[in-house]
Amino acid sequence: MTVNEMVRDAVLAGTGLPIPGPDGHVEVPAASERLQNLVELARTVCGQPVTAINIITEDLQYQAATAGMEPYLCTREDSMCAVGFLSGEPTVLEDASLDSRYRDNPYVDGRRSSFRFYASIPLVTDDGFVLGTLCAGARETGRLSGEQLRGLEILAAQIVDVLQLEHRARRLADALAEAERSNSHLAEFAGRISHDLATR
């Protein structure tokens with residue numbers, strides 16, 4: 001395990017994304033409307049039945065949003081997207097069962113599913129950290145045109161922007177809530193002081 005992988009969950013947590021607790025469980029919130037719209041648009045752009053925004057932690061993969069499938073949790077070892085996502089480069093396979101890196105994967109060999117077409121675009125932040133992937137798949141073989149691939153790359157960049165924007169919005173909301181609590185406490189304290197002074 002590299003140093004980068006050892007600190008992976010800490011970096012993900014710093015971006016506001018859920019990470020597994022000590023028991024290995026991760027609480028994944030329902031997809032926001034923005035993310036759901038983007039993953040639906042990705043399905044339209046690539047013309048494939050399934051698309052997902054996958055977040056990959058040190059040990060797990062989960063979906064921030066999906067289209068054409070229910071969200072699921074799997075180990076990083078079983079994840080198709082974890083195979084090459086750290087390269088930062090897209091992966092497009094017309095038939096994953098013919099690729100030595102994927103043919104024994106449980107989502108390809110029939111143990112959990114039987115994907116043939118598979119494409120993934122890494123979700124890369126401005127500082128080069130890879131959060132996970134935008135992926136598409138089908139049980140039939142398929143392909144992407146250059147325009148479709150470019151469309152998915154644009155959407156992947158938009159997904160990163162939305163994830164970071166939503167994190168900043170949550171931090172701002174938390175800060176405002178804390179300021180309101182502080183102001184309330186200050187008002188209560190000032191009221192007590194005024195009362196004490198008035199009764200002396």
Side-chain angles (χ1 to χ4, degrees), residues 8 11-12 15-18 28-57 60-74 76 78-103 105-108 112-168:
R8 178 164 190 78
V11 175
L12 286 170
T15 65
L17 292 166
V28 183
S32 69
E33 183 177 358
R34 290 185 183 91
L35 290 177
Q36 191 60 46
N37 287 342
L38 287 171
V39 78
E40 292 281 0
L41 181 56
R43 183 166 64 161
T44 300
V45 166
C46 68
Q48 300 298 328
V50 170
T51 50
I53 299 169
N54 293 312
I55 303 301
I56 301 173
T57 75
L60 299 173
Q61 173 185 284
Y62 66 85
Q63 281 78 47
T66 64
M69 60 177 281
E70 291 297 318
Y72 68 89
L73 182 73
C74 73
R76 181 165 169 169
D78 285 347
S79 164
M80 293 180 71
C81 287
V83 172
F85 80 114
L86 289 176
S87 71
E89 297 297 325
T91 298
V92 181
L93 303 176
E94 294 185 15
D95 188 342
S97 69
L98 302 180
D99 191 296
S100 61
R101 298 169 297 169
Y102 296 90
R103 63 186 175 208
N105 185 278
Y107 290 96
V108 176
R112 298 189 71 170
S113 192
S114 301
F115 280 104
R116 290 297 174 262
F117 174 79
Y118 168 73
S120 69
I121 313 297
L123 301 175
V124 186
T125 64
D126 289 341
D127 59 4
F129 186 80
V130 186
L131 304 172
T133 67
L134 168 62
C135 81
R139 288 186 172 88
E140 296 78 31
T141 59
R143 60 181 59 188
L144 292 181
S145 69
E147 288 184 352
Q148 287 173 315
L149 178 59
R150 179 57 183 152
L152 290 179
E153 290 175 329
I154 292 170
L155 287 171
Q158 288 298 307
I159 288 165
V160 172
D161 287 345
V162 167
L163 288 169
Q164 293 176 330
L165 176 63
E166 290 182 346
H167 176 48
R168 288 194 294 269

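All residue numbers in this chain count up from 1 along the given sequence.
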Find out whether [X] and [Y] are in side-chain contact, i.e. whether some heavy atom of one side chain is under 4.5 Å from a heavy atom of the other.
X      : Y      : value
Val160 : Val124 : no
Thr15  : Leu163 : no
Thr66  : Val39  : no
Tyr72  : Gln63  : yes
Thr51  : Cys46  : yes

Once you round to the nearest 0.5 Å, how far does [atom1] of [X] lie from [atom2] of [Y]?
X      : Y      : atom1 : atom2 : value
Ile159 : Leu152 : CD1   : CG    : 9.0 Å
Gln148 : Arg143 : CD    : CZ    : 11.0 Å
Leu131 : Gln164 : CG    : CD    : 7.0 Å
Asn54  : Ser79  : CG    : OG    : 6.5 Å
Leu123 : Asp161 : CG    : CG    : 11.0 Å
Leu155 : Arg43  : CG    : CZ    : 13.5 Å

Specify the closest pair of heavy atoms between [X] and [Y], including all atoms of both residues, with the distance to one decimal.
X      : Y      : result
Ile121 : Ala156 : CG2-CB, 3.6 Å
Gly137 : Gln48  : O-CB, 4.0 Å
Pro122 : Val130 : CB-CG1, 3.9 Å
Thr57  : Arg76  : O-NH1, 3.0 Å

Checking [X] side chain against [Y] main chain: does a donor-acceptor pair fall under 3.5 Å?
X      : Y      : result
Asp78  : Asn105 : no
Arg116 : Gly142 : no
Gln61  : Leu73  : no

**Study point:** Working for side-chain hydrogen bond (donor to acceptor under 3.5 Å, both in side chains), residues Ser113 and Arg139
**Key:** CA-CA 8 Å; Ser113 192; Arg139 288 186 172 88; 3.2 Å; yes
Practice item. For Ala64, enumerate each residue passing the side-chain contact (heavy atoms from CB on, under 4.5 Å) test, keeping only those at least two apart in sequence or located in another chain. Key: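 Leu35, Ile53, Ile55.
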Point to revise | Charged N-O contact under 4.0 Å between Arg150 and Glu147 | key: no
Practice item. Check ring-ring contact (aromatic ring centres under 6.0 Å, His included) between Tyr102 and all other residues, then give those that pass, not counting sequence neighbours. Key: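 Scan of Tyr102 (ring-ring contact (aromatic ring centres under 6.0 Å, His included), adjacent residues dropped) gives Tyr118.
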List, one per line, each side-chain donor-acceptor pair under 3.5 Å for residues 80-93, sequence neighbours excluded.
from  : atom 1 : to    : atom 2 : distance (Å)
Ser87 : OG     : Gly84 : O      : 2.8
Ser87 : OG     : Glu89 : N      : 3.1

